[in-house]
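Report on the structure given below.
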Protein chains: 2
Amino acid sequence: MQLSRIIIGDGLNIENIVKKKNLKLTSARRELLEILFYAKNPLSYEDIKENIVMDKATFYRNIIKFEEENIINSFESNDKKRYFEIFQQPHPHFVCSRCHNIECIKERLDFNLEGYLVENIILKGLCKVCNKTSI
Amino acid sequence: MQLSRIIIGDGLNIENIVKKKNLKLTSARRELLEILFYAKNPLSYEDIKENIVMDKATFYRNIIKFEEENIINSFESNDKKRYFEIFQQPHPHFVCSRCHNIECIKERLDFNLEGYLVENIILKGLCKVCNKTSI
DNA sequence: ATTATAATGCGACTAAGTTGCATTAAAGTT
DNA sequence: AACTTTAATGCAACTTAGTCGCATTATAAT
């Protein structure tokens with residue numbers, strides 16, 4: 001797969017995104033970003049590690065860099081793991097407490113919290129499937 | 001302090017709550033529940049451990065029991081820690097990504113997510129204080 | 001007072017995430 | 001194309017949350 005050539009949004013590919021932030025384009029970074037670009041849901045380190053060759057330290061150092069540069073963002077689930085995804089328009093995530101699946105919520109949740117800046121919304125509970133099959 | 005005599009809601013004190021669930025009332029459990037009852041914000045293990053004498057395994061085993069019995073509930077913050085609080089009416093929590101404070105949100109957030117059962121809402125971003133003093 | 005059973009403490013363990021340090025690779029310069 | 005600077009990598013050692021098995025102890029009922 002010629003993943004590094006995928007076009008994201010405004011004609012950007014992984015090379016441009018990384019270089020725009022004055023980061024060196026290494027194979028570790030290309031690998032990591034390709035996986036995240038192709039994922040349709042947020043991924044944890046455990047999800048990713050089987051598919052990468054880089055060291056754990058490299059992984060986390062890149063995660064930190066990418067988060068600083070707003071290339072990705074992350075949040076904690078209820079399984080003690082952090083989940084990573086390519087930075088998109090802020091949108092809520094639903095974490096199912098039964099099946100532990102994580103879904104991106106497309107519906108807009110409107111509420112006004114005076115004074116706060118809400119960057120991330122995590123909803124926990126039962127997803128559609130588990131809610132239907134619940135006792 | 002005669003903490004075990006505090007009255008919660010329907011004339012319940014810690015003794016009654018624990019016994020109602022068919023759990024033995026040990027000093028570890030009394031200690032843990034007293035701390036959580038008195039906390040005005042959710043607490044992590046790190047917050048609690050200086051004030052308890054029980055072993056870490058006992059702490060977590062009781063946390064698991066209490067969660068099963070809906071005496072407490074917990075959620076993950078963005079500092080890799082789990083936070084615990086006495087189970088109350090479900091209400092959102094706001095986690096500040098700058099000062100890492102955790103607040104209970106009293107305002108009702110109304111939205112309808114068809115099919116899901118939302119048990120827990122975590123908002124992340126800048127709290128009132130940090131948002132005001134942000135660049 | 002006795003006893004059954006649940007809860008505790010201890011030690012060993014797992015897994016995420018971090019840090020220091022020596023080595024290597026990227027990207028600009030001549 | 002070789003040279004150089006600086007950033008990124010791999011490795012090993014570490015920290016901390018959380019879990020588990022097991023022997024011992026405390027609770028609550030008889």
Round to a whole Å and report the spacing from [atom1] of [X] to [atom2] of [N].
X       : N      : atom1 : atom2 : result
B:Tyr83 : D:dG18 : OH    : C1'   : 16 Å
A:Glu76 : D:dA17 : CD    : P     : 14 Å
B:Phe75 : D:dG18 : CZ    : P     : 13 Å
A:Glu46 : C:dT14 : CD    : C1'   : 11 Å
A:Leu32 : D:dA8  : CG    : C1'   : 13 Å
A:Arg29 : D:dA7  : CZ    : C1'   : 8 Å
A:Leu33 : D:dA8  : CG    : C1'   : 14 Å
A:Met54 : C:dA16 : CE    : P     : 15 Å

(request) Mind checking A:Ile64 for me? I need base, sugar-phosphate or nothing, with any heavy atom below 4.0 Å counting as a touch. (result)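 Since only primed, P, OP1 and OP2 atoms lie under 4.0 Å of A:Ile64, the category is sugar-phosphate.
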(request) Specify whether B:Tyr60 and B:Phe84 have parallel, tilted or perpendicular ring planes, treating 30° as the upper limit for parallel and 60° as the lower limit for perpendicular. (result) perpendicular
(message) Is the ring pair A:Tyr116/B:Phe94 parallel, tilted or perpendicular, if the boundaries are 30 and 60 degrees?
(response) tilted
(message) Taking the side chain as everything from C-beta on, heavy atoms only, tell me whether B:Asn73 gets closer than 4.5 Å to B:Glu85.
(response)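 Answer yes - side chains close enough.
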(message) Just so I know, are the side chains of B:Ile122 and A:Phe75 near enough to count as touching, which here means a heavy-atom distance under 4.5 Å?
(response)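 Heavy-atom side-chain distance check fails, nothing below 4.5 Å.
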Could you work out which one of [options] sits closest to the side chain of [X]?
X       : options               : answer
A:Lys65 : C:dT18, D:dA8, D:dA17 : D:dA8
A:Tyr60 : D:dG18, C:dG17, C:dG9 : C:dG17
A:Lys49 : C:dT8, D:dC11, C:dA16 : C:dA16

Sub-3.5 Å donor-acceptor pair from the side chain of [X] to the main-chain atoms of [Y], do we have one?
X        : Y        : answer
B:Lys21  : B:Glu69  : yes
A:Ser97  : A:Gly125 : yes
A:Asn131 : A:Leu126 : no
A:Glu67  : A:Ser74  : yes
B:Glu15  : B:Leu25  : no

(request) Summarise how protein sits on nucleotides 21-30 of chain D as a single string, 5' to 3': B when a protein heavy atom is under 4.0 Å from the base, S for sugar-phosphate-only contact, - for no contact. (result) BB----BS--
(request) Have a look at the helix from C:dA1-D:dT30 to C:dT30-D:dA1 and give the angle its two end axes make, five pairs each, rounded to 10 degrees. (result)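 That helix gives 30° between its end axes.
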(message) Is there, by distance only and without an angle test, a donor paired with an acceptor across the side chain of A:Lys56 and the base of D:dG10 below 3.5 Å?
(response) no
(request) Look at B:Asn22 and C:dA6 and indicate whether a side-chain polar atom (N or O) is within less than 4.0 Å of OP1 or OP2. (result) no
